[in-house]
A.B. asks: 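Can you read through this structure? Questions will come right after.
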There are 2 protein chains.
Amino acid sequence: MTQTAKQRIERAALQLFADKGFRATTIRDICAKSGVSVALVHYHFKNKNGLYQALLDKEIGEAFAQHPIPAYLQPGMGPEERLRQIIRLLLNRLIGPEGLGRDRARVRLMARELTAPSPAFEPLFQRHIQPMILTMVEIIRDFVGDQEQAELMRIATSVAGQCLYPFLAYEVMQRSGLTVAHTVEQVERHAEHIYQFSLRGLYGLKESNA
Amino acid sequence: MTQTAKQRIERAALQLFADKGFRATTIRDICAKSGVSVALVHYHFKNKNGLYQALLDKEIGEAFAQHPIPAYLQPGMGPEERLRQIIRLLLNRLIGPEGLGRDRARVRLMARELTAPSPAFEPLFQRHIQPMILTMVEIIRDFVGDQEQAELMRIATSVAGQCLYPFLAYEVMQRSGLTVAHTVEQVERHAEHIYQFSLRGLYGLKESNA
DNA sequence: GCCATTCCTAAACAGTTGTTTAGTTCAAGA
DNA sequence: TCTTGAACTAAACAACTGTTTAGGAATGGC
């Protein structure tokens, strides 16, 4: 047996939670898929919530931790380079092969949590998502100067939306024949596209303000 | 009694399905909230799936039908005006006060379906979502000329992402202190912002291609 | 050999869930 | 007045669900 029972449980649970959601997935589903008894799940993970929490930490937490913010943003960078890097960070974390993109189930699980967060997601949100958002907003504020709250929100979502949409709308896009590639080269190229696209948009704002 | 029992069921079900999801919402939850008996739900809607389907059709189908594509796109419009109009369409449908934005529960329900579609969503997808995507892709193709599939996908998601993100990431944004306004004026202003932002980005692509 | 620990299972338990059945109330039409 | 049909309820049903209990291999240390 190349995989331990615990690993088989985790694998099966990840796929089922991602496909059907937490509530619709039963422990017996997971057991049938991984070939273990019902009690073993409780032995290894205490209960259904514990299994889900462990999965979030492992599949999402670890993937994000491999791409920490300081690996992209270094002191002394100008606003343009910082913008480029925060976009690369988002894309590598979300659809990059070392991020969530390696596994389609990871993407679906994360998309569920972003649109309908569960209590188990809270620690991950505070640890990884919130800092990303705040950093992005700060970079954009550097770029466009002082703005009213509503305008800042519009600009921030213009940039962040480009990064997150191919990730959130995975299912819808696939049904329309549009697919996202997850190779390193494709991700870098996508990041560069979003950077260039956003840069023009941001410069346009400066012009119309002046 | 100002509302019929059937209406109270629908109202309670909408809020609960939006908050907790289809599976996590029980018929008894809905009954407790609307003050009716369990059997009455089956009397009016046949079963739980029927109730959900009826709700999707009513809350999302009707809102979308109020903003049909031909009301925005007319023959003879140039590519720039068509781009502006398709953006207005998306925003009015999704966050406008006559669209889903009128009711926070509608937004949450739709966001759930976009990231994790249920079988009940399929007819709405084919009727409303697919035509929107195809129209958007067509407009962008007019704009940027022939492109390889991957590049077209990147450009389309750059525009669509800006429109959909404030909608999909409702929860996450709210937790970070960013709120989306749903008044007509705010929505129109947001649409104009996305149009200008995208226009610059698209012109940039033309330049770098030349 | 014996013991302790880890990994694992079958079976039972108690509560929940969607659905159905049988029957009640009540207003409108003949 | 009688009847018909729509709106509604209480109670029961059968299946499912998360969790626990009691115990069986198997392994490694002493």
Side-chain angles (χ1 to χ4, degrees), chain A residues 1-59 105 109 112-113 116-122, chain B residues 1-59 105 109 112-113 116-122:
Chain A
M1 193 153 346
T2 160
Q3 269 190 127
T4 68
K6 192 177 178 185
Q7 288 172 324
R8 292 205 313 279
I9 293 172
E10 287 173 336
R11 184 78 209 136
L14 172 65
Q15 288 180 356
L16 288 168
F17 282 143
D19 272 0
K20 323 204 301 180
F22 177 76
R23 194 62 181 252
T25 300
T26 71
I27 293 183
R28 282 168 180 83
D29 285 344
I30 297 168
C31 293
K33 196 168 178 128
S34 56
V36 302
S37 71
V38 180
L40 190 63
V41 173
H42 292 86
Y43 173 76
H44 280 302
F45 300 97
K46 188 175 178 188
N47 55 30
K48 193 182 172 186
N49 273 295
L51 171 57
Y52 188 71
Q53 182 95 54
L55 234 48
L56 280 190
D57 290 348
K58 188 181 176 189
E59 299 295 328
L109 196 67
R112 281 182 187 277
E113 286 293 343
S118 74
F121 189 66
E122 183 65 24
Chain B
M1 190 147 0
T2 159
Q3 269 190 128
T4 68
K6 191 177 179 185
Q7 288 171 325
R8 291 205 313 279
I9 293 172
E10 286 173 335
R11 183 78 208 134
L14 171 64
Q15 288 180 356
L16 287 168
F17 283 143
D19 271 1
K20 323 203 305 179
F22 177 77
R23 195 63 180 255
T25 299
T26 71
I27 293 182
R28 282 167 181 84
D29 284 345
I30 296 167
C31 293
K33 195 166 179 131
S34 57
V36 302
S37 70
V38 179
L40 191 63
V41 174
H42 292 87
Y43 173 76
H44 280 302
F45 301 96
K46 187 175 179 189
N47 55 28
K48 194 182 170 186
N49 273 296
L51 171 57
Y52 189 72
Q53 183 95 53
L55 232 49
L56 280 189
D57 289 348
K58 187 181 177 191
E59 299 294 329
L109 197 67
R112 281 183 187 276
E113 286 293 344
S118 74
F121 188 66
E122 183 64 24

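Heavy atoms only: backbone and side chains are in, while hydrogens, waters and symmetry mates are out. All chains are named by letter (A, B, ...) in the order of the sequence lines, taking the proteins before the strands, and each is independently numbered beginning at 1.
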A.B. asks: Kindly say whether L56(A) contributes a backbone atom to a donor-acceptor pair with the side chain of E59(A) at under 3.5 angstrom?
C.D. replies: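 Side chain of E59(A) to backbone of L56(A): no pair is present.
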
A.B. asks: Which whole-number value in Å describes the distance from I27(B) CD1 to dA11(D) C1'?
C.D. replies: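 One finds 16 Å between C1' of dA11(D) and CD1 of I27(B), rounded.
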
A.B. asks: Between R112(A) and D19(A), which heavy-atom pair has the shortest distance, and what is it?
C.D. replies: NH2-O, 2.9 Å

A.B. asks: Please state whether the phosphate of dC8(D), meaning OP1 or OP2, lies under 4.0 angstrom from any side-chain nitrogen or oxygen of H42(B).
C.D. replies: no

A.B. asks: Is K48(B) reaching over with its side chain to a backbone N or O of T25(B), donor-acceptor style, under 3.5 angstrom?
C.D. replies: yes

A.B. asks: In whole Å, what is the span from the CG atom of L40(A) to the P atom of dT21(D)?
C.D. replies: 17 Å

A.B. asks: Salt bridge (charged side-chain N to carboxylate O under 4.0 Å, His left out) with K33(A): which residues, sequence neighbours excluded?
C.D. replies: none

A.B. asks: Rounded to the nearest angstrom, tell me the gap between atom NE2 in H44(B) and atom P in dA6(D).
C.D. replies: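 To the nearest whole Å, that distance equals 12 Å.
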
A.B. asks: For the pair made of NZ in K48(A) and P in dT17(D), what is the distance, rounded to whole Å?
C.D. replies: 9 Å

A.B. asks: For Q53(B), enumerate each residue passing the side chain to side chain contact (heavy atoms under 4.5 Å, CB included) test, keeping only those at least two apart in sequence or located in another chain.
C.D. replies: D57(B), A120(B), P123(B)

A.B. asks: Would you say that S118(A) contacts E113(A) through its side chain, given a criterion of any heavy-atom pair below 4.5 Å between the two side chains?
C.D. replies: yes

A.B. asks: Can you confirm whether L55(B) sits close enough to F45(B) that some side-chain heavy atom of one is under 4.5 Å from a side-chain heavy atom of the other?
C.D. replies: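 Not touching, per the 4.5 Å side-chain cut-off.
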
A.B. asks: Please give, in whole Å, the distance from dT19(D) P to L51(A) CG?
C.D. replies: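 Taking atom P of dT19(D) as the reference, CG of L51(A) is at 10 Å.
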
A.B. asks: Could you state the CD1-C1' distance from I9(A) to dC8(C), rounded to the nearest angstrom?
C.D. replies: 10 Å

A.B. asks: Taking atom P of dG18(D) as reference, at what distance in whole Å does atom CZ of F45(A) sit?
C.D. replies: 15 Å

A.B. asks: Could you say whether V38(A) or R28(B) is positioned toward the 5' end of DNA chain C, judged by the nucleotide with the nearest heavy atom to each?
C.D. replies: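 Result of the comparison: V38(A).
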
A.B. asks: So which of residues 14-25 of chain B are in contact with DNA chain D, with a heavy-atom cut-off of under 4.0 Å?
C.D. replies: R23(B)

A.B. asks: Using a cut-off of less than 4.0 Å, is there contact between a side-chain N or O of Y43(A) and OP1 or OP2 of dC7(C)?
C.D. replies: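 Yes, such a contact exists.
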
A.B. asks: Between dC7(C), dT20(C), dC8(D), which nucleotide has the shortest distance from any of its atoms to the side chain of A39(B)?
C.D. replies: dT20(C)

A.B. asks: Let me know the distance between NZ of K6(B) and P of dA7(D), rounded to the nearest Å.
C.D. replies: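 Rounded to the whole Å, the gap is 8 Å.
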
